[in-house]
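Take a look at the structure below.
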Amino acid sequence: MPLYRIWFYLLMGIPILIMFPILLILTISESTYHLFFKVARIWAAIIIYGMGFWPRIVREEKMQKIQSYMLVANHTSMTDIMMMLLISKNPFVFVGKKELAKIPIFGFFYKRTCILVDRGNPRSRKEVFDRARQRLKDGVGICIFPEGGVPEDPSLTLDGFKDGAFRLAIEHGLPLLPVTLYDNKKRFPFAFYKGSPGLMRAKTHAIIPTEDMDLANDKVRFRESVRDIILKELQADQQ
């Protein structure tokens with residue numbers, strides 16, 4: 001397993017080093033982000049297939065090519081990032097914890113392209129909303145893992161959801177795409193001595209429109225209904 005973990009970080013870092021000049025140019029301006037996103041999807045595929053994972057994505061509904069979405073999914077593994085990149089051809093930015101910016105090589109571009117949040121800092125959370133609103137105006141979608149991090153209890157199927165993704169979706173009339181990641185926890189968990197190659201399944205559920213929702217009246221119901229969709233899917237898969 002230590003060698004398997006080392007191989008994962010090599011797969012993360014080597015393509016970035018090889019493509020460094022191109023990535024640097026594509027991240028100078030937000031106007032070229034859609035090109036960076038295409039390269040990021042290739043990078044994600046290199047890691048997923050290079051680790052011996054075989055992705056299988058089932059879609060209840062297709063995404064429209066020119067539409068921005070709010071993507072939300074359960075969070076159990078670093079490979080969640082790569083799977084979400086494979087799932088969506090529509091450009092989006094991640095809202096993620098600032099700690100990932102410390103990862104060598106990967107962290108350099110993570111800081112330049114993602115919206116970082118310090119979960120213990122209320123001011124940081126406000127800045128996240130401000131930057132997310134700007135990216136949405138630029139026509140780029142957002143991806144948030146609404147549990148707010150990987151649950152500390154590994155036996156927990158799905159932690160409670162935070163409000164941010166649902167608030168942004170309602171405020172901007174952004175259609176929301178719930179995603180269930182079934183196998184990432186099994187294939188590459190945060191537990192150092194666990195993991196294995198194999199099938200890595202994902203399901204994109206029916207897209208939920210938000211144009212007629214009201215923030216004050218619908219946010220909590222909306223949040224819990226989306227959590228219920230993903231939770232029921234995970235529980236059914238465990239039976």
Side-chain angles (χ1 to χ4, degrees), residues 12 27 30 33-34 36-45 47-48 55 57 59-101 103 106-107 109-117 119 125 127-150 158-159 161-182 184 200 202-208 210 222-223 226-227 229-230:
M12 284 182 65
T27 56
E30 292 181 351
Y33 182 79
H34 65 291
F36 172 85
F37 186 80
K38 290 181 179 180
V39 177
R41 296 188 74 239
I42 296 171
W43 169 81
I47 296 170
I48 292 294
I57 302 167
R59 302 179 189 273
E60 285 192 7
E61 185 176 349
K62 290 184 178 180
M63 302 171 70
Q64 300 299 315
K65 289 184 179 180
I66 60 172
Q67 174 66 55
S68 297
Y69 293 91
M70 173 64 70
L71 294 93
V72 300
N74 54 307
H75 193 23
T76 58
S77 168
M78 283 191 66
T79 58
D80 298 345
I81 293 172
M82 296 80 189
M83 279 298 289
M84 294 304 289
L85 286 168
L86 293 186
I87 284 168
S88 175
K89 293 182 181 179
N90 297 34
F92 65 81
V93 296
F94 285 101
V95 174
K97 56 186 180 181
K98 68 173 187 176
E99 288 79 6
L100 291 181
I103 298 176
F106 167 81
F109 290 103
Y110 179 78
K111 287 188 293 186
R112 293 170 70 91
T113 58
C114 299
I115 301 172
L116 308 190
V117 57
R119 302 191 188 281
R125 291 198 295 269
E127 290 173 351
V128 166
F129 275 102
D130 291 342
R131 190 171 176 203
R133 291 186 184 102
Q134 182 56 53
R135 297 314 305 269
L136 289 171
K137 290 179 182 178
D138 294 338
V140 177
I142 303 288
C143 179
I144 297 178
F145 299 109
E147 292 168 275
V150 176
L158 189 68
D159 209 344
F161 279 8
K162 300 186 182 301
D163 289 339
F166 309 96
R167 175 181 169 184
L168 280 168
I170 293 173
E171 283 183 347
H172 294 271
L174 199 66
L176 185 140
L177 179 65
V179 178
T180 299
L181 303 173
Y182 301 93
N184 294 31
M200 188 173 272
K203 181 177 182 178
T204 66
H205 300 275
I207 296 165
I208 305 172
T210 62
F222 182 33
R223 181 193 71 205
V226 172
R227 182 179 182 273
I229 290 169
I230 297 174

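What you see is a predicted model; the values in this text were computed from it and never measured.
Residues Ala169 and Thr210 approach most closely at O-OG1, 3.1 Å, considering heavy atoms. Shown here for Met82 and Trp43, the closest heavy-atom pair between the two residues is CE-CH2, 3.6 Å. Taking each heavy atom of Pro55 and Leu86 in turn, the nearest pair found is CG-CD1, 4.2 Å.
For residues 163-180, the pairs satisfying salt bridge (Lys or Arg N to Asp or Glu O under 4.0 Å) are Arg133-Glu171, Asp163-Lys219, Asp163-Arg223, Arg167-Glu171, with sequence neighbours left out. Listed by first then second residue, pairs satisfying salt bridge (Lys or Arg N to Asp or Glu O under 4.0 Å) with a partner in residues 60-77 read Glu60-Lys203, not counting sequence neighbours.
Remark: Phe36 pairs with Tyr33 by the ring-ring contact (aromatic ring centres under 6.0 Å, His included) rule, at least two apart or across chains. Residues satisfying the side chain to side chain contact (heavy atoms under 4.5 Å, CB included) criterion with Lys89, sequence neighbours excluded, are Arg41. Under the ring-ring contact (aromatic ring centres under 6.0 Å, His included) criterion, Phe222 pairs with Phe166, not counting sequence neighbours. A search for side-chain hydrogen bond (donor to acceptor under 3.5 Å, both in side chains) contacts involving Thr204 returns nothing, not counting sequence neighbours. When the side-chain hydrogen bond (donor to acceptor under 3.5 Å, both in side chains) test is applied to Tyr110, no partner is found at least two apart in sequence or on another chain. Looking at residues two or more places apart in sequence or on another chain, you find no side-chain hydrogen bond (donor to acceptor under 3.5 Å, both in side chains) involving Ser88.
At least one donor-acceptor pair under 3.5 Å links the side chain of Arg131 to the backbone N or O of Cys114. In this structure a side-chain-to-backbone donor-acceptor pair under 3.5 Å is present from Asn90 to Gln67. In this structure, Thr27 contributes its side chain and Arg112 its backbone to no donor-acceptor pair below 3.5 Å.
Distance check, rounded to the nearest 0.5 Å: CG of Asn184 to CG of Asp80 gives 4.5 Å. Thr79 OG1 to Met200 CE: the interatomic distance, rounded to the nearest 0.5 Å, is 4.0 Å. To the nearest 0.5 Å, atoms CD1 (Ile87) and CG (Leu71) are separated by 8.0 Å. Here the CD1 atom belonging to Ile170 is positioned 10.0 Å from the CE atom belonging to Met70, to the nearest 0.5 angstrom.
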Taking only distance into account, with no hydrogens and no angle test, what donor-acceptor pairs under 3.5 Å do side-chain atoms of residues 136-147 form with protein atoms, sequence neighbours excluded?
{"unit_1": "Asp138", "atom_1": "OD1", "unit_2": "Gln134", "atom_2": "NE2", "d": "3.3"}
{"unit_1": "Glu147", "atom_1": "OE1", "unit_2": "His75", "atom_2": "N", "d": "2.7"}
{"unit_1": "Glu147", "atom_1": "OE2", "unit_2": "Asp159", "atom_2": "N", "d": "2.9"}

Could you pull out all donor-acceptor pairs under 3.5 Å where a side-chain atom in residues 172-181 meets a protein atom, sequence neighbours excluded?
{"unit_1": "Thr180", "atom_1": "OG1", "unit_2": "His205", "atom_2": "NE2", "d": "2.7"}

**Prompt:** Please walk me through it: do Leu85 and Phe94 pass side chain to side chain contact (heavy atoms under 4.5 Å, CB included)?
**Reply:** CA-CA 10 Å; Leu85 286 168; Phe94 285 101; 4.1 Å; yes
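Residues Gln64 and Tyr69 form a side-chain contact, since some pair of their non-hydrogen atoms from C-beta on lies under 4.5 Å apart. Under the 4.5 Å side-chain criterion, counting only non-hydrogen atoms from C-beta, Met78 is in contact with Ile103.
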